[in-house]
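Below is one structure, written out as structure tokens, with a few remarks after it.
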Protein chains: 2
Amino acid sequence: MAGKSGRPRQPVPTAKAASGSEEKLGDLPNYVGYMLRRAQLTVFQDFIQSLADFDLRPAQFSVLSVIEASPGLRQTEVANLLGIQRTNFVTLFDSLEGRGLAERKPSKEDRRSHSLYLTDAGRAYLRDVKASVDAHETRIAQQVGQDDYITLKRILGKLLVIC
Amino acid sequence: MAGKSGRPRQPVPTAKAASGSEEKLGDLPNYVGYMLRRAQLTVFQDFIQSLADFDLRPAQFSVLSVIEASPGLRQTEVANLLGIQRTNFVTLFDSLEGRGLAERKPSKEDRRSHSLYLTDAGRAYLRDVKASVDAHETRIAQQVGQDDYITLKRILGKLLVIC
DNA sequence: TATTGTTATACTCTATAACTATA
DNA sequence: TATAGTTATAGAGTATAACAATA
């Protein structure tokens, strides 16, 4: 598993990119963390390009998706679901509310908290966005192949349980 | 692939975390980008905790690993290999050089460029670091199982080819 | 002219402390 | 006393422009 001893290893040419630069990286590509980071950056880059017309960042998309699926959740609840600190969530949601895509409504039960909803405009906007996101997703599925696409998501799900 | 219509779905309990929060996320967990991001954050968190005694960030570790495997590379070459802009690489490497772990040496062939090397202290330091990193890596392999650990790295390698 | 390393700078993301209004 | 939302702020990470030295 990524090598044990301190002696110099001959980097085994794994089934990886043939960009011609792997030999210089040493055993870095054998670490899951490194590969996860590089893969995530690549996928996010494609995601952002796919949504260039919409000017929507991945985090913003995730917020819209959650409050579409679960309207009425409190602000901190949405933040926690997405692993965003509630303090940083404020300006993030401000940007969506400022664009008229989502809105805060006072909660009836607890007057401290805000319930979050999509606006009608936000719902229509998200419908268009999702068409592009699904195209992006299809591109990735084709990149790795349908079987590995399913397998990848299954294994990634196992990794979240750590935290 | 990730749901098509706008109607509320009953999120199928996939083979994922049973944190009791999945139903509220909608179809977000069906997007590879979202899962990659969450998994990467989880793994990096464990990585950083594993290296708390060493005070070494993932990016710093990757730099040390590369110049251990390929001593003498020029600064911009290392930056490019890791997907770091050469302008941001300067301070990153300054921190390692300031700690006496690595050093710049003038290149004989091109007097504009610096060749990068580990110091003796850096080599010893990296040996200790790698023991902790390998323990971290083993923890992840056990988390997902040995077969899926291999499979995961294979599929992630396919994703890098996009860029 | 082009490239290497560098500085300055700005913008995003993330993390912590403290405040307010409610509970 | 504790919690939800908020503000202020500081630190990373990342991006672009411009410069000196060298090719």
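Hydrogens, waters and symmetry mates are skipped; everything else that's a heavy atom, side chains included, is used.
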Query - For B:H114, all residues meeting ring pair (Phe, Tyr, Trp, His ring centres under 6.0 Å), sequence neighbours excluded - result: none
Query - Residues forming a ring pair (Phe, Tyr, Trp, His ring centres under 6.0 Å) with B:F54, sequence neighbours excluded - result: B:Y125
Report summary line: Under a 4.0 Å heavy-atom criterion, DNA chain C is touched by chain B from C:dA2 to C:dT14
Query - Qualifying residue for side-chain hydrogen bond (donor to acceptor under 3.5 Å, both in side chains) with B:Y149, from B:Q142, B:Q143, B:E137 - result: B:E137
Taking only residues two or more places apart in sequence, or in another chain, which ones meet [X] in a salt bridge (Lys or Arg N to Asp or Glu O under 4.0 Å)?
X      : answer
A:R104 : A:D94, A:E97
B:D53  : none
A:R112 : A:D110

Query raised in the report: What residue pairs, at least two apart or across chains, pass ring-ring contact (aromatic ring centres under 6.0 Å, His included) with a residue in residues 63-82 of chain B?
Result: none
Query - Spacing of B:I155 atom CD1 and B:I150 atom CD1 [to the nearest 0.5 Å] - result: 12.0 Å
Query raised in the report: If you round to the nearest 0.5 Å, how far is CG of B:L36 from CZ of A:F47?
Result: 12.5 Å
Query raised in the report: With sequence neighbours excluded, what pairs up with B:R38 under the side chain to side chain donor-acceptor pair (under 3.5 Å) test?
Result: B:Y34
Query raised in the report: Is there a donor-acceptor pair under 3.5 Å between the side chain of B:K105 and the backbone N or O of B:S115?
Result: no
Report summary line: Bend of the helix from C:dT1-D:dA23 to C:dA23-D:dT1 from end-axis comparison, five pairs per end, nearest 10°, comes to 0°
**Report entry** Sequence-aligned protein contact record of nucleotides 13-23 of chain D, with B where the base is within under 4.0 Å of a protein heavy atom and S where only the sugar-phosphate is
**Finding:** SBBBB---BBS
Pairs under 3.5 angstrom only: tabulate donor-acceptor contacts from the side chains of residues 55-67 of chain A to other protein residues two or more places apart or in another chain.
unit_1: A:Q60; atom_1: OE1; unit_2: A:R57; atom_2: N; d: 2.8
unit_1: A:Q60; atom_1: NE2; unit_2: A:S95; atom_2: OG; d: 3.2
unit_1: A:S62; atom_1: OG; unit_2: A:A59; atom_2: O; d: 2.6
unit_1: A:S65; atom_1: OG; unit_2: A:F61; atom_2: O; d: 3.0

Query raised in the report: Among residues 72-81 of chain A, which contact DNA chain D at a heavy-atom distance under 4.0 Å?
Result: A:R74, A:Q75, A:T76
